[in-house]
Every structure is written in C-alpha cells, then in structure tokens.
Amino acid sequence: MSILQKRILITGGAGFIGSHLVRRFVNNYPDDEIFNLDQLTYAGNLENLKDIESSPNYHFIKADINELDDLKKIFDSNLITDVIHLAAESHVDRSIQDPTAFMKTNILGTLNLLLCARDFWKHKMVGHKFYHVSTDEVYGSLGETGAFTEQTAYDPRSPYSASKAGSDHMVRAFYHTYHLPVIVSNCSNNYGPNQFPEKLIPLIINNIIHKRELPVYGQGLNVRDWLWVKDHVAAIDLLFHEAKVGETYNIGGECEKTNIDLVQMICDLMDLKLGHVQGTSRQLIRFVKDRPGHDLRYAIDASKIKNDFGWKPSLAIEEGLSATIDWYLQNEDWLKNVTSGAYMDYYNHHYSK
Ligand code: NAD
Ligand code: TYD
C-alpha cells in the first residue's frame, strides 16, 4: 500500500446514491481501494453495480452498521483510511410506520462507524476523513419564501429527518470532542436511475408503466428541490477531496417544483415516449390522503459550495427526467425484480389506507 493510497469504506453503496458514488470512485480513482459495505436491505441491490463488480479496486462487504464488533473487524482487516457514510433507512413514509428502525440504523449505526473511525485512527487523525451524507430535511419545513443555509437551525419533523438530524449532531460531536476529521453535506431530493420505486419519481414512472393510479398526497402543492443524482455524487467527490475538515455544505438543485407540476411533467414525457395521446397518463392522477406532518417546502441555498468550489448542477430537470424515464423503460427487469414480493406488500399496505 502506498502512503498516499486511500482505502475508502463507502457505506450504503448498493443503494440509490451510494451505487452512483461507488461507480464514480472505482472508475475515477483506480489507485484507491473502494470497500462497499452494505447490508442489502430491501433498498440495496448489487445489480446496481454489475458493470464495476470485477474492477480490481472494488470490494463488496455484506455487513450491518448496527453490529459494532463486525465493523471493528472490517476496519482492522481492511486498514480503512476514510469513510463516506450513506447507509441509512431513507424513506419518510416507512419512518412513519416504523420509527424504531430509523433510530437504530441512522443514529446508532452512525455512532458505531464513528467509534470505529475514532479508535482505528486515534494515533494520527490527520490525513483521514469521515464524510457524512445527510439531507436538507433536517432543517424542517419552509414557508413560501427563503432557503436553507448552513446556518439554518435544525427543526426536523418526521422520524426520518429527526434520525438524520441526530446522526449529524453526533458526527459534529465527534469532531469537537475527539478531533475526528469530519465533513457533513446536506442535500435536497435526488432523482435518476436506480432509485427504489417507493420514492415519488420512480413510483410515478412505474405506475404509469403498469397503468396504475398515480397517488399524489394532499393537493400536490408541497415543493421539493430536485437534483440529478450524478450531480450530487460529483459534489461529494469534490467535498471529500477538497473541503476543510469540520465544514458543512448544502447541496441543492436550484429546481423547485410542486409535486403536482412534477407528476404532470412525468406524465407528459411518458405519453411522448410510449406513443400515447397527450393527457392519457394525467388521467391516472389521484389526490390521496396527505402524509402526516408533511413538510410543505424545501429549498437549498447552495452558494457556499458554489463560491468555494464552483460546483453547480449540470442538468436541467427536463433532461434529467427524460434520461431517468429512459433508464426505467430500458431496465424493466431491474424494476420487476425490486418490485416483486415485499415491495407489493408495502405498497398495498401503505396506499390502501
Ligand atoms: P437508499 O435507501 O436507496 O439506500 C440505502 C442503502 O443503505 C441500501 O443499499 C441499504 O441496503 C443500506 N443499508 C440500510 N441499512 C443498513 C445497515 N443497517 N447496514 C448497512 N447498510 C444498510 O438511500 P439513498 O436514497 O441512496 O440515500 C443514501 C443516503 O443519502 C442516506 O443517508 C440518505 O439519508 C441521504 N440522502 C438521500 C437523499 C435522496 O433524495 N435520496 C437526499 C439527501 C440525502
Ligand atoms: P419522496 O420521494 O418520498 O421524498 P421526501 O418525502 O423525502 O421529500 O416524496 C417527495 C414528495 O412527493 C413529498 O412531498 C411526498 C410526495 N409524495 C406523493 O405525493 N405521493 C407519493 O406516493 C410519494 C411516495 C410521495
């Protein structure tokens, strides 16, 4: 191992954002060793990484971040120099059904990783990094104006966002208390290929494919700020290599949309791609019971990462949605595999209420 070689543990690398990040690091940093640690929950899928699984610098480790002893052995036997932590329970609706799972994985699992990094790097913290991937949802809900900055006070309102807020606080506590070299980023809603179809965009695409109703919560007036997933992983790459330790960065898409506008955009694009008469898919839209505690609006002020590093989103939503829809249409087997069995149980339970 050369002195400069990194041995990077990426957690949650079989999930949506994680798989894009693992691919980028494996391809762009052939001299570094990339260890993808994932428990392969319903959201983790090694099919996402088929194209790079035989790369010499890629290693997969099936493990649960809730198991501290296993993590210690993994740090030890693989001489881990850096961590990029994405593993999490990530769906708000599931957190409303089962908050305990979110508290365990997102808070205690993160604590386990922090303990391992602190103890394994204790002789010399310099040169290591613990990068924590978080969400804008920790800041709570905005009114009709304004945007979250890195100074916005935390005000999480769902069990998911509360658990991510707890993990963010713990990461920063390890920076101040043990001098662990941490970086935190808080990002807005991602979209793109490989996203599990419980989340809005792939759910709508999948339902249009199957001519199922399109459930829009409440009146569809909640606003999210959408970012192309590959722009998020480009930002993580940049911050991981360039940001000063102890810093926090907000990452956002500069792309606010009400849910109903976004769903209608997907409907129209799908009609075009499937050769349907315009308006066909819109007829499937149904306004359904609202999510309890549904945050009204998220918007990110990303001027810090823009000013410090020149990062900005590269893809407009129209192009990104079109590419996303093409990917799902070309990967119906992937969609079929992840939506069989347990997914349909979840779907029927959640949407029958
Ligand atoms: P995802 O649900 O698609 O993937 C999560 C991955 O973590 C899966 O591969 C799963 O198997 C793994 N995992 C879950 N529990 C685990 C455990 N106990 N041990 C090991 N692995 C486990 O999530 P995502 O959308 O890719 O999000 C990744 C990270 O980014 C999360 O931390 C999330 O909070 C954050 N984030 C997501 C978004 C978004 O829009 N999706 C936006 C901002 C931040
Ligand atoms: P989601 O993709 O679950 O992301 P998040 O809740 O983390 O922002 O939901 C995005 C928005 O879409 C959110 O306002 C809830 C809404 N939504 C629906 O209207 N219908 C649905 O079936 C789902 C899953 C979400």
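Keep in mind that the numbers below use all heavy atoms, side chains included, and drop hydrogens, waters and symmetry copies. In each ligand, atom 1 is the first atom listed, and ligand 1 is the first ligand listed.
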| request: Verify whether one side chain among Ser303 and Asp301 offers a donor that lies under 3.5 Å from an acceptor in the other. | output: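 Yes - a donor-acceptor pair under 3.5 Å links their side chains.
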
Any N or O of [X] closer than 3.5 Å to N or O of ligand 2:
X	answer
Leu200	yes
Trp226	no
Leu203	no
Arg291	yes
His294	yes

May I ask you to list the atoms of ligand 2 that are less than 4.0 angstrom from any heavy atom of [X]?
X	value
Glu198	24 (C)
Val216	19 (O)
Pro215	18 (C), 19 (O), 20 (N), 21 (C), 22 (O)

| query | Heavy-atom distance to atom 5 (P) of ligand 2: which of Arg286, Gln195, Lys199, Glu137 wins? | reply |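 Heavy atom nearest to atom 5 (P) of ligand 2 belongs to Glu137.
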
| message | Any atom of ligand 2 sitting under 4.0 Å from a heavy atom of Tyr160? | response |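 No, Tyr160 has no heavy atoms under 4.0 Å from ligand 2.
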
| task | Report the nearest protein non-hydrogen atom to atom 36 (N) of ligand 1: residue, atom name, distance rounded to 0.1 Å. | result |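 The closest heavy atom on the protein side is Ile17 CD1, 4.0 Å.
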
| request: Starting from atom 11 (O) of ligand 1, find the nearest protein heavy-atom neighbour and note its residue, name and distance. | output: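 Result: Asp38 OD1, 2.5 Å.
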
| Identified side chain to side chain contact (heavy atoms under 4.5 Å, CB included) partner of Arg23 from the options Asn28, Ile52, Ile34 |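 For Arg23, the side chain to side chain contact (heavy atoms under 4.5 Å, CB included) test succeeds with only one of Asn28, Ile52, Ile34, which is Ile52.
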
